[in-house]
Amino acid sequence: MANPEQNFGFWYDGAWRSGNQITLDITDPGLLYGATVFSTLRIYERNPTEKNLGDRRTTWAAHRSRLTQSLEEFGWTMPDWTRVETGIAQIPDPVVRVTIFPDGREFIVGRALPADLTQRQTEGITAVVADQTIGTRSLPHHKTGNYLTPWCGLQQARSRGAQETILTDPQGNWLETCTGSLWGWADGIWYTPPLAAGILPGILRDRIISGLRCQNRGVLESPWTPALIDSFRLLAYSNCVVEIIPIVQVRSDAKTWEYPINPDVLAKLHSSLTVS
C-alpha cells in the first residue's frame with residue numbers, strides 16, 4: 001500500500017490508490033445520477049501524530065448513523081464499516097469526505113481546512129440569497145451525490161463577491177446555506193429553520209441545539225419568514241468542518257441585511273459545543 005503521507009491519493013473500494021484519478025463504469029449510477037450518499041467530517045487530533053475517530057468533536061458515530069439511515073431508506077447495500085474506518089485512518093488531511101455507492105463501495109478523500117478559516121470565524125462572511133433558478137436541494141433530508149443545487153449556489157455567491165448562498169423555499173423563507181445550517185439571534189433566543197422545512201439534519205446543528213438546551217438557553221426551530229429574518233440581530237451558519245461562522249451581510253436583488261458581530265452573543269453559541 002502506498003504511504004498517503006508521501007503521495008497524493010485516496011481510499012477506494014478497500015485499498016489506497018495513488019494519484020487523483022478514479023475509474024468508474026460508464027453505467028455506474030453514481031456517475032450517471034449522483035447516486036451516492038456522503039458525509040464530511042473534521043478529524044480532531046489529540047496530539048500531532050494521532051487522529052482519533054473517538055474524539056467527541058469528530059462525531060464519527062453521528063456521521064455513520066446518518067449514512068446508515070440514508071442507505072437503509074434507499075435500500076442500498078451497507079458498506080464494510082471496518083474497511084471504511086481503515087480508509088479514514090489512511091487520510092492525512094483534517095477534513096475527510098466519506099462517500100458510499102449503492103453497492104456498498106466506499107470512496108474516501110481528504111482535504112485541508114480553509115486557509116482563511118480563522119479570519120472567517122472572527123470577521124464573518126457575506127452571503128447572497130439564491131435566485132429561483134437555483135431551487136432547493138434534491139432529497140434534502142439526505143446528503144446525496146446529487147449536489148448540483150449547492151454547487152450552483154456557491155458559484156452564484158462567488159460571481160457576486162460573496163462566500164455563501166442562502167437557499168430558500170418557494171415562499172422566500174430562508175432554509176440553509178449551501179454548506180451549513182442557519183442560526184439567527186433575537187431577543188435572547190436562537191432560531192434555526194425546522195427540519196420539516198426541507199433542510200439537511202446537520203450533525204453540528206444537533207450538537208448546538210442540544211448544547212443550548214443543556215445550558216438553558218432559548219433555542220427555537222421555526223420557519224424563517226421575512227418578518228423573523230428582519231428581527232435578527234446576529235446571523236451565523238454552522239457545519240462540522242468550519243464549526244460556526246458569523247454572516248455579517250446578506251444581499252438579495254431587492255434588499256441588503258446587515259448583521260454586526262456581537263462577540264458576547266456569538267461566544268454563547270460557541271459555548272454550546274463544549275457541552276458533552
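This structure is a prediction, so every number in the text was calculated from the model and none was measured.
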Original post:
Going by an N to O cut-off under 4.0 Å, is there a salt bridge joining Asp253 and Arg160?
Top reply: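 Counted as a salt bridge, because a side-chain N and a carboxylate O are separated by less than 4.0 Å.
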Original post:
Are the charged groups of Glu176 and Lys143 less than 4.0 angstrom apart, N to O?
Top reply: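 Judged by the 4.0 Å cut-off on N to carboxylate O distance, Glu176 and Lys143 do not form a salt bridge.
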Using side-chain heavy atoms (C-beta onward) and a distance below 4.5 Å, is [X] in contact with [Y]?
X	Y	value
Pro223	Pro194	yes
Leu228	Tyr191	yes
Val219	Ile189	no
His63	Cys240	yes
Leu182	Ile166	yes
Leu53	Leu41	yes
Trp183	Ser238	yes
Ile108	Gln90	no

Hey, any chance [X] and [Y] share a hydrophobic cluster, counting ILVMFWY side chains that come within less than 4.5 Å of each other, even indirectly?
X	Y	value
Leu269	Trp185	yes
Val96	Trp81	yes
Leu200	Ile209	no
Val84	Ile43	yes
Phe8	Leu113	no

Any donor-acceptor pair under 3.5 Å from [X] side chain to [Y] backbone:
X	Y	value
Ser65	Ala61	no
Arg217	Leu212	no
Thr149	Thr136	yes
Arg233	Ala186	no
Asp93	Val95	no
Thr165	Gly153	yes
His141	Leu195	yes
Ser210	Asp206	no
Gln163	Ala127	no

Would you kindly say whether [X] and [Y] are connected by a side-chain donor-acceptor distance under 3.5 Å?
X	Y	value
Gln215	Ser271	yes
Asn146	Thr144	no
Thr179	Glu164	yes
Arg251	Gln249	yes
Thr59	Arg57	no

**OP:** Could you tell me how the ring of Phe38 sits relative to the ring of Tyr147: parallel (under 30°), tilted (30 to 60°) or perpendicular (over 60°)?
**Re:**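 Ring orientation, 0 to 90° scale: perpendicular.
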Subject >> Parallel, tilted or perpendicular, as decided by the 30° and 60° cut-offs, for the rings of Phe74 and Trp76 >> reply: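 Geometry flag for Phe74 against Trp76: tilted rings.
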**OP:** Can you establish whether the number of heavy atoms outside Asp187 located under 6.0 Å from its atom CG is more than 12?
**Re:**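 For Asp187, atom CG is not crowded (no more than 12 foreign heavy atoms under 6.0 Å).
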Original post:
Yes or no on side-chain contact (heavy atoms from CB on, under 4.5 Å) for Leu273 and Leu204, after CA distance, side-chain angles and deciding distance?
Top reply: CA-CA 8 Å; Leu273 298 178; Leu204 199 69; 3.6 Å; yes
Subject >> With sequence neighbours excluded, residues passing side-chain hydrogen bond (donor to acceptor under 3.5 Å, both in side chains) with Arg120 >> reply: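 Arg120 satisfies side-chain hydrogen bond (donor to acceptor under 3.5 Å, both in side chains) with Asp116 only.
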What pair of heavy atoms forms the shortest contact from [X] to [Y], and how long is it?
X	Y	value
Leu31	Leu24	CB-CD1, 4.2 Å
Pro79	Ile100	CG-CD1, 3.9 Å
Val241	Pro114	CG1-CD, 4.4 Å

Subject >> Full working for side-chain contact (heavy atoms from CB on, under 4.5 Å) between Thr192 and Ile208 >> reply: CA-CA 10 Å; Thr192 190; Ile208 292 173; over 6 Å; no
**OP:** Please round to the nearest 0.5 Å and tell me the distance separating atom CH2 of Trp60 and atom OG of Ser39.
**Re:**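 The OG atom of Ser39 is 7.5 Å from CH2 of Trp60, to the nearest 0.5 Å.
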Original post:
Quick one: CD1 on Ile261 to OG1 on Thr122, what's the gap to the nearest 0.5 Å?
Top reply: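 Those atoms lie 7.0 Å apart.
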**OP:** For a side chain to side chain contact (heavy atoms under 4.5 Å, CB included) with Val37, tell me which candidate from Leu67, Thr99, Thr68, Leu139 qualifies.
**Re:**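 Answer after filtering Leu67, Thr99, Thr68, Leu139: Leu67.
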When the aromatic ring centroids of [X] and [Y] are compared, is their separation below 6.0 Å?
X	Y	answer
Phe232	Trp224	yes
Trp174	Trp257	yes
Phe10	Phe107	yes

**OP:** Please lay out, stage by stage, how Tyr12 and Arg105 fare under the test side-chain hydrogen bond (donor to acceptor under 3.5 Å, both in side chains).
**Re:** CA-CA 7 Å; Tyr12 174 63; Arg105 279 172 294 146; 2.6 Å; yes
**OP:** Take Glu221 and Arg213 through the test salt bridge (charged side-chain N to carboxylate O under 4.0 Å, His left out) and record every step on the way to the result.
**Re:** CA-CA 12 Å; Glu221 298 177 72; Arg213 289 175 176 165; 3.7 Å; yes
